[in-house]
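In what follows, every heavy atom counts, from backbone to side chain, and hydrogens, waters and symmetry copies are set aside.
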Amino acid sequence: MTTTATRSPGEAQSEELMNHRQILEVLAGLLAALFTALLSSTIVSTALPTIIGDLNGSQTQYAWVITAALLATAASTPIWGKLSDLFNKKVLVQSAIVIFVVGSVIAGLSHNVPLLLGARVIQGIGMGGLTALVVAIIGTIIPPRDRGRYSGYMGAVMAVSMAGGPVLGGVIADTLGWRWCFFVCVPLAVIALFLLQKTLHIETNRVDGVKIDWLGATLLTAGVSVLLVWVSFAGKATYYDWISTESALMVGGGLLLLIATVVVESRATSPIIPLKIVTERTTALAIVASIAVGIGLFGATTFLTQYFQTSRGFSPTEAGLLTIPMVAGMLAGTVGSGQLITRYGKWKSFVVAGAFLQVVGFALLSTVDHETAIPLIGLMIALLGLGTGMLMQNVVLAVQNTVSVHDVGAASSVVAFFRTFGGAIGVSVLGSVLATRVGDLTASGFAKLGIDPHASGGGGGSLNLGALPEPVRDVIRASYGDATGRIFLIAAFVSVVTVIAVAFLPNKPLRTTIDLKPSVADEEYAKV
């Protein structure tokens, strides 16, 4: 481990700036690592209906397979960000890959849902490291003005993994079996580790006095977990009502834990979520926008492949292919906006336009039912993907533009934390809404057939539709299709918050230096 000698910001920047070829060499290893984790995650998403059906899981467990990974990612992301201030970022990225692979292997060997959930937590911890460290490293070697160009490369990798993952996951689930959806990432991880070892050479600019705020991290994770458990099971006939003693205890306990988190963070010498960064205007608005993006994007799109398979009867392979329009839209939005931002230095118009397109996309998807034309759905999700591609990476870019290079890791991880936190909330809440709505619709459908819904299974029952008689299966398929529109409607309302938040982001010009060094553009902005 090395530490940089004391020097002025200008001297540091002149030595740290890399040329285009050197940056691409570093990106090759970083993006290979990110691709490994993203591909594995998207492979699993398509195969999840098959996995839950094979393990005799329920709709609530379906949502928690996603929520467990998102929650672990959210909780570990700021910790990884702090670790990056203490230890070698290269070793940390490689460690995150190894942790992710270990979780994947355990998941592939799972014989029940609880073990699968534990494995997903391990995967989420590894993913949290990749989420924090890849963005932080990019932020330390590339000036914000040029970062849009390279963010486009990252967006392209994300798009390819999101496009190839569902298709590959469907093929694997239909041929080799769903367990290989977890095992397939192992050889890819070995390649990523090799590339990182060869290409990534970066100094450790250790910040003196930095330590991990374990108490704050524990309180934050506990508070969020309690609230997510509450919202996952509230309103279920076999658990407790929304307004009940259990709900009061869980909500009260969760809020107290979060209040305690704020108190601890305000007094900690090195808080897990730095309040000085969170309260900065750009970061604060970006956090609000990221929470809303996470709720809508993760929450609603998680159930898209389930809609294609459970409601419309498509195979996992076909369901993966049907998500390609959304991924194509994301690719176009991310790469296109990144190139234009680098060329013209203007970023806010792309962020606002992306947020608006998200609202429109979700609003259109709220009209979906079990008979909606598939090509029409393709157009809707393509529009949603375009807006998402223009929004997500550029919000992080706006935040990185306002902080010192030494705070890039913390700022990036904070935004990533709240986006993933929003995603965990979205998956849990919208999964609960979907399960409740499906339960109501199936009960109504069974009543028309003269079938006892308790004997035949409702929305929270087994998703192994192949084991059900045809009349029951048809009712459940129609119920899932008709219930899906409601979660997209909720996502549309949440996305309005994103539009409002990004509209008030300060339209500060992108600096051309890695660190906060006054430039002509910065000085002109300060005069305004």
query = Hey, mind stepping through Lys508 and Thr282 against side-chain contact (heavy atoms from CB on, under 4.5 Å) and telling me if it holds?
reply = CA-CA 9 Å; Lys508 187 175 182 179; Thr282 299; over 6 Å; no

To the nearest 0.5 Å, how far apart are [atom1] in [X] and [atom2] in [Y]?
| X | Y | atom1 | atom2 | value |
| --- | --- | --- | --- | --- |
| Phe418 | Ile291 | CZ | CD1 | 5.5 Å |
| Arg437 | Leu430 | CZ | CG | 14.5 Å |
| Ser104 | Ile99 | OG | CD1 | 11.5 Å |
| Leu304 | Leu322 | CG | CG | 8.5 Å |
| Asn507 | Ser349 | CG | OG | 8.0 Å |
| Leu285 | Glu280 | CG | CD | 8.5 Å |

Under 4.5 Å between any side-chain heavy atoms of [X] and [Y], yes or no?
| X | Y | value |
| --- | --- | --- |
| Trp214 | Ile79 | yes |
| Val293 | Gln358 | yes |
| Val262 | Leu258 | no |
| Ile324 | Leu321 | yes |
| Glu265 | Leu220 | no |
| Leu117 | Val121 | no |
| Phe308 | Glu318 | no |
| Ile490 | Phe362 | no |

Just do the side-chain contact (heavy atoms from CB on, under 4.5 Å) check on Met380 and Val368 with the steps written out, would you?
CA-CA 10 Å; Met380 295 176 182; Val368 166; 4.2 Å; yes

If you take all heavy atoms of [X] and [Y], which pair is closest and at what distance?
| X | Y | value |
| --- | --- | --- |
| Val502 | Val499 | CG2-O, 3.4 Å |
| Ile125 | Ala72 | N-CB, 3.9 Å |
| Val352 | Ala503 | CG2-CA, 4.3 Å |
| Trp230 | Ser247 | NE1-OG, 3.0 Å |
| Pro49 | Gln309 | CG-NE2, 3.6 Å |
| Ser76 | Gly128 | OG-CA, 3.6 Å |

### Query
Among all residues two or more places apart in sequence or in another chain, which pass the side chain to side chain contact (heavy atoms under 4.5 Å, CB included) test with Ala248?
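Expected list: none.
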
Could I get the full list of side chain to side chain contact (heavy atoms under 4.5 Å, CB included) partners for Ala192, not counting sequence neighbours?
->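 In terms of side chain to side chain contact (heavy atoms under 4.5 Å, CB included), with neighbours along the sequence ignored, Ala192 is linked to Ala32, Ala33, Thr36, Ile97.
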
Does any N or O in the side chain of [X] come within less than 3.5 Å of the main-chain N or O of [Y], such that one atom is a donor and the other an acceptor?
| X | Y | answer |
| --- | --- | --- |
| Trp80 | Met127 | no |
| Arg312 | His370 | yes |
| Arg120 | Val65 | yes |
| Arg477 | Thr310 | yes |
| Asn394 | Lys348 | no |
| Tyr307 | Asp369 | yes |

Quiz item: How far apart are the C-alpha atoms of Leu130 and Val93, what are their side-chain angles, what is the distance that settles it, and do they pass the side-chain contact (heavy atoms from CB on, under 4.5 Å) test?
Solution: CA-CA 6 Å; Leu130 292 172; Val93 170; 4.1 Å; yes

Self-check item: CZ/Phe356: more than 12 non-hydrogen atoms of other groups inside 6.0 Å
Solution: no

Inset, instruction - Show your reasoning for whether side-chain contact (heavy atoms from CB on, under 4.5 Å) applies to Val496 and Ile500. - result: CA-CA 6 Å; Val496 173; Ile500 297 173; 4.2 Å; yes

